2 protein chains.
Amino acid sequence: MLRLSKKTDYALLAVRHLAANADRGAVSARELAETYDIPPELLAKVLQKLVRGRLLESQQGIRGGYALARAASAMSVADVIQAVDGPLMVTACSEEDHSCDQYSKCNIRDPLWRIKDRIIATLAATSVAELAMEMPAPLPPLPSGVMPMQMVKRP
Amino acid sequence: MLRLSKKTDYALLAVRHLAANADRGAVSARELAETYDIPPELLAKVLQKLVRGRLLESQQGIRGGYALARAASAMSVADVIQAVDGPLMVTACSEEDHSCDQYSKCNIRDPLWRIKDRIIATLAATSVAELAMEMPAPLPPLPSGVMPMQMVKRP
DNA sequence: CTAAGATGGACTAGTTCGGTCGGATATCCT
DNA sequence: AGGATATCCGACCGAACTAGTCCATCTTAG
Ligand code: SF4
Ligand code: SF4
């Protein structure tokens with residue numbers, strides 16, 4: 001069904017939270033888990049993967065926690081997905097992995113790979129910063145004549 | 001991993017084949033399965049789903065088989081995917097299904113839905129006809145009346 | 001030292017996916 | 001008419017993947 005995993009959802013939720021509260025110091029996994037009702041151990045695992053993917057930095061010890069490793073605007077949702085779920089591919093095959101039974105007779109491979117590249121480009125076009133600046137519901141200083149919906153921007 | 005299922009792969013393979021050989025009549029499921037080394041019963045199921053999705057027409061009986069229900073240019077890969085794997089969604093939630101535990105506190109829903117729409121647009125932008133007209137590389141020196149490549153005849 | 005927090009691996013329950021089987025029905029050919 | 005070939009449909013099974021859990025270790029502030 002082309003769905004992205006729950007872990008990825010959790011990762012995006014956490015990363016967005018960290019981006020929105022970047023001024024505060026490190027945020028602990030437990031605090032994050034309680035805020036969004038996520039099983040703490042599972043969230044911890046996801047966060048660790050993000051650290052290994054160089055998207056987050058961790059601070060151990062009693063006042064430890066997680067924080068973004070780089071600016072939210074320089075971090076795309078494609079980065080997050082790949083850090084959590086591994087390299088994303090739409091087909092079972094790839095340039096390296098020819099293990100599909102139909103590989104020799106397949107003639108839809110190239111167009112599908114092109115579609116994959118387009119999807120990755122779509123994912124890479126949305127930065128975490130854009131996620132964080134959504135939902136400004138209690139945002140008083142909204143000048144008149146602003147169309148909040150469907151604001152697609154290209155940084 | 002955002003991968004599309006094997007059944008979808010089979011469906012695209014079959015649909016592309018039917019589009020490329022549209023001049024011939026109906027093609028049986030077994031012939032298709034043998035051509036691409038696909039388990040026959042499984043391919044049959046996939047083809048049936050495509051029939052239910054109004055993408056193919058089936059002809060029963062001894063000379064039966066499957067054929068495209070409409071022009072290949074009016075059939076996108078998004079149509080094929082949705083016919084086989086159901087409505088494609090990138091998140092577990094949707095406008096109808098709010099059953100996610102984080103739904104009330106989730107603030108990445110809307111941006112993700114926008115990404116989903118863009119992915120669907122990407123998938124809808126590629127028609128089956130485009131798949132079929134790939135790979136015509138060794139076609140130039142072909143006298144009239146000769147079937148193009150992939151003319152597999154069973155003894 | 002100790003409490004809070006990160007890290008890592010192993011493990012389990014549940015679900016999905018790829019694949020199989022058996023039977024029913026429709027159509028053509030002799 | 002009768003048999004051969006084909007689609008159709010539902011139920012079934014084993015393997016693989018997913019979400020979630022448990023535990024044991026390491027690190028650092030106080
Ligand atoms: S069928 Fe073709 S595109 Fe799909 S996995 Fe196999 S080789 Fe790749
Ligand atoms: S976390 Fe948000 S986006 Fe993901 S499924 Fe739940 S409600 Fe939808």
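No experiment lies behind these values; they were computed from the predicted model shown. By convention in this document, chain letters (A, B, ...) are assigned in the order of the sequence lines, proteins followed by strands, and residues within each chain are numbered from 1.
- Regarding Arg63(B), its CZ atom lies at a distance of 9 Å from the C1' atom of dC28(C), rounded to whole Å.
- Of the options Val77(A), Val84(A), Val46(A), a side chain to side chain contact (heavy atoms under 4.5 Å, CB included) to Leu12(A) is made by Val77(A) and by none of the others.
- A straight line from CD of Gln59(A) to P of dT7(C) spans 10 Å, rounded to a whole angstrom.
- One interatomic measurement links the two molecules: CZ of Arg3(A) to C1' of dA19(D), which rounds to 11 Å at whole-angstrom precision.
- With rounding to the nearest 0.5 angstrom, the CG atom of Asn107(A) is 9.0 Å from the CG atom of Leu131(B).
- Each of Lys45(A) and Gln60(A) was assigned the nucleotide of DNA chain D with the nearest heavy atom; the assignment lying further toward the 5' end belongs to Lys45(A).
- The distance from atom NZ of Lys49(B) to atom C1' of dG18(C) is 11 Å, rounded to the nearest whole Å.
- The side chain of Ser5(A) sits closest to dA19(D) out of dA19(D), dT28(D), dT7(D).
- The ring pair (Phe, Tyr, Trp, His ring centres under 6.0 Å) analysis of residues 32-71 of chain A, with sequence neighbours excluded, yields the pairs His17(A)-Tyr36(A).
- A salt bridge does not link Asp85(B) to Lys7(B): none of the charged side-chain nitrogens sits closer than 4.0 Å to a carboxylate oxygen.
- In this model, the phosphate group of dG19(C) is approached by a side-chain N or O of Tyr10(B) to a distance below 4.0 Å at OP1 or OP2.
- Between Ile38(A) atom CD1 and dT21(D) atom P there is a gap of 12 Å when expressed in whole angstrom units.
- Note: Arg114(B) CZ to Glu130(A) CD = 8.5 Å, rounded to the nearest 0.5 Å.
- Nearest to the side-chain atoms of Arg52(B) among the listed nucleotides dC9(D), dC28(C), dA6(C) stands dC9(D).
- Closest to the side chain of Ile62(B), out of dA19(D), dA4(D), dT7(C), is dA4(D).
- Of the candidate nucleotides dT27(C), dC22(D), dA6(C), dC22(D) has the atom nearest to the side chain of Glu41(A).
- Interatomic distance, CG of Leu112(A) versus OG1 of Thr126(B), reported as 9.0 Å (0.5 Å rounding).
- Rounded to whole Å, atom C1' of dA26(C) lies 16 Å from atom CD of Glu57(B).
- Atom CD of Gln102(A) is separated from atom C1' of dG18(C) by 12 Å (rounded to the nearest Å).
- Listed by residue number, Ser28(A), Ala29(A), Arg30(A) are the residues of residues 28-36 of chain A with a heavy-atom contact under 4.0 Å to DNA chain C.
- Taking the side chain of Lys6(A) as heavy atoms from C-beta on, and the options dG20(D), dA29(D), dG18(C), the nearest nucleotide is dG20(D).
- In this structure, the CG atom of Leu42(A) is 15 Å from the C1' atom of dG8(C), given to the nearest Å.
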Task: Derivation and outcome, side-chain hydrogen bond (donor to acceptor under 3.5 Å, both in side chains), residues Asp79(B) and Ser76(B) - done: CA-CA 5 Å; Asp79(B) 295 331; Ser76(B) 72; 3.3 Å; yes

